[in-house]
Amino acid sequence: MTVSTLGRPADRPALTPDAGASGTPSAAAAVGPAPTIAVLIPCYNEEAAIGKVVQDFRAALPDAVVYVYDNNSKDRTVEVARAAGAVVRSEPLQGKGNVMRRMFADIEADVYVLVDGDDTYHAASAPELVKRLWDEQLDMVNGARVTEIVAAYRPGHRFGNLVLTGMVAKIFGSRIGDMLSGYRVFSRRFVKSFPALASGFETETELTVHALELRMPIAEVKTPYKDRPPGSHSKLNTIRDGIRILRAIVMLVKEERPLPFFSAAFGLLALLSVILGVPVIATYFQTGLVPRFPTALLATGLMLLAFLSLTCGLILDTVTHGRREAKRMSYLSLRAPGHHRPLAAERGAGTCEDERR
């Protein structure tokens, strides 16, 4: 599958050189139309880099539409992106997660290429990522960063990514090696079933957990990663954003794994209750008195809270199961990516109207 084939408009069937003069599609075209591709670039103060990013992705995916969503930039990001040939739109709510929510809601396409506007990701890898998603009918292909440039991938960021990715892998499944990559390709059914609740950089964590929770078919492809161009500055703060991502992981565990989360709280509270209550009980059996009455009340209260926490976990686990089923049904209501043979052709019958839709 070539880049030009991937980018062909969906309403134009593929024709081979030996097609007849009447324009009858070849057998290869019967598998279905080529996908429409949208390149999504969230941007904040990227005047120095955004022009090259747009140009590179237009060259790599010539038939794709490149969208730049400006997030209250104070420089000439909008003018530079528009001059480079991008469709420029804006999102006033600050934060990458807010921009992602707007992009996913507004743009209609078969394949979505998400990339940061800082010119650190390898545009020439885009056709490979798109081809992998389309040919294998995947819902997400993650671009795992590979670089030897220390300034491009600082040790603090690298270590934090390893720790946070390891935590998510331990809890939700080990299928992604670079959870915080800003370079991904999505299917339509991923994008339109993604709730997009995060507001900031923790949205990458949310994307990963969404794919892992619904057990979507996903893959990861190693892609080159480079330093920012001169004049471009990172908006990431290692400690601040690391804490925000860690908090997002904790909240996702609470929402997606409530029984283990509240069971851990049950275990902690019950242990504290036993530690405080055993001496009081021992004294009572020895003397028949409860001289440390406040401690006895505290131990009793902690045990009650422990069982209340366990009860909350059991109830919320049932609720979460229902939510997961609803998300799964929403996901399944959309067509899978990739070429599809018409259903009627598989039965040896005529064209199936449902399949064309």
Side-chain angles (χ1 to χ4, degrees), residues 1-16 19 23 25-42 53-54 56-69 85-87 89 100 103-115 121-143 183-194 207 210-211 214 216-221 223 330-346 351-357:
M1 183 182 296
T2 63
V3 174
S4 59
T5 302
L6 285 170
R8 187 182 298 110
D11 58 351
R12 189 187 309 163
L15 299 180
T16 57
S26 67
V31 296
T36 55
I37 305 173
V39 179
L40 309 182
I41 310 175
V53 174
V54 172
D56 288 350
F57 275 89
R58 291 187 68 195
L61 299 170
D63 295 319
V65 181
V66 179
Y67 296 89
V68 171
Y69 271 70
V87 177
R89 298 177 180 175
M100 294 268 294
M103 292 191 301
F104 284 4
D106 289 355
I107 305 301
E108 298 294 333
D110 296 319
V111 177
Y112 299 78
V113 179
L114 176 69
V115 67
Y121 292 98
H122 192 233
S125 297
E128 178 188 355
L129 271 63
V130 172
K131 185 177 187 298
R132 180 81 180 271
L133 180 133
W134 196 251
D135 287 352
E136 299 181 19
Q137 294 185 264
L138 305 176
D139 285 303
M140 182 179 77
V141 177
N142 190 54
Y183 193 13
R184 307 186 189 215
V185 176
F186 303 104
S187 68
R188 174 181 171 79
R189 66 178 179 179
F190 182 105
V191 166
K192 297 305 180 181
S193 66
F194 178 60
L207 287 167
H210 179 65
L214 293 188
M216 295 180 181
I218 62 177
E220 189 167 63
V221 175
T223 59
S330 174
Y331 162 80
L332 292 175
S333 68
L334 299 165
R335 192 171 182 176
H339 292 305
H340 304 273
R341 292 172 57 195
L343 295 179
E346 295 177 2
T351 303
C352 176
E353 186 65 23
D354 289 339
E355 179 64 14
R356 287 206 305 269
R357 288 199 295 267

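None of the values given here were measured: they were computed from a predicted structure. Side chains included, hydrogens not; waters and symmetry mates left out as well; all remaining heavy atoms used.
In this structure, K192 pairs ionically with E108, as a charged nitrogen and a carboxylate oxygen lie closer than 4.0 Å.
At least one side-chain heavy atom of P337 sits under 4.5 Å from a side-chain heavy atom of D139. At least one side-chain heavy atom of Y331 sits under 4.5 Å from a side-chain heavy atom of M216. Counting only heavy atoms from C-beta outward, the side chains of M103 and P42 approach each other to under 4.5 Å. The shortest side-chain heavy-atom distance between R188 and P35 does not fall under the 4.5 Å cut-off.
Under a 3.5 Å cut-off, the side chain of Y183 and the backbone N or O of H122 do form a donor-acceptor pair.
Heavy-atom minimum distance, P217 versus Q137: CG-O, 3.7 Å. Summarising the geometry of A64 relative to V39, their closest heavy-atom pair is CB-CG2, 4.1 Å, with the distance given to 0.1 Å. In terms of heavy-atom proximity, A38 sits nearest to I107 at CB-CG2, 3.7 Å. When all heavy atoms of L138 and A219 are compared, the pair lying nearest together is CD1-CB, 3.5 Å.
Checked options T36, L129, V185, L61; the residue passing with V111 is V185 (criterion: side-chain contact (heavy atoms from CB on, under 4.5 Å)).
Ring geometry for F190 against F194 counts as parallel: the plane angle stays under 30°, on a 0 to 90° scale with 60° as the upper cut.
Side-chain atoms of D106 and Y67 form no donor-acceptor pair, as typed in the model, at a separation below 3.5 Å.
The structure places CZ of R89 at 10.0 Å from CG of L40, a figure rounded to the nearest 0.5 Å. The distance from the CZ atom of R58 to the CG atom of D63 is 11.0 Å, given to the nearest 0.5 Å. One distance of note links CZ of R189 with OG of S333; it measures 10.0 Å at 0.5 Å rounding. Between R184 atom CZ and I218 atom CD1 the span is 9.0 Å, to the nearest 0.5 Å. Put simply, CD1 on I41 and OH on Y69 are 12.0 Å apart, with the number rounded to the nearest 0.5 Å. A distance of 10.0 Å separates CG in N142 from CG in L114, rounded to the nearest 0.5 Å.
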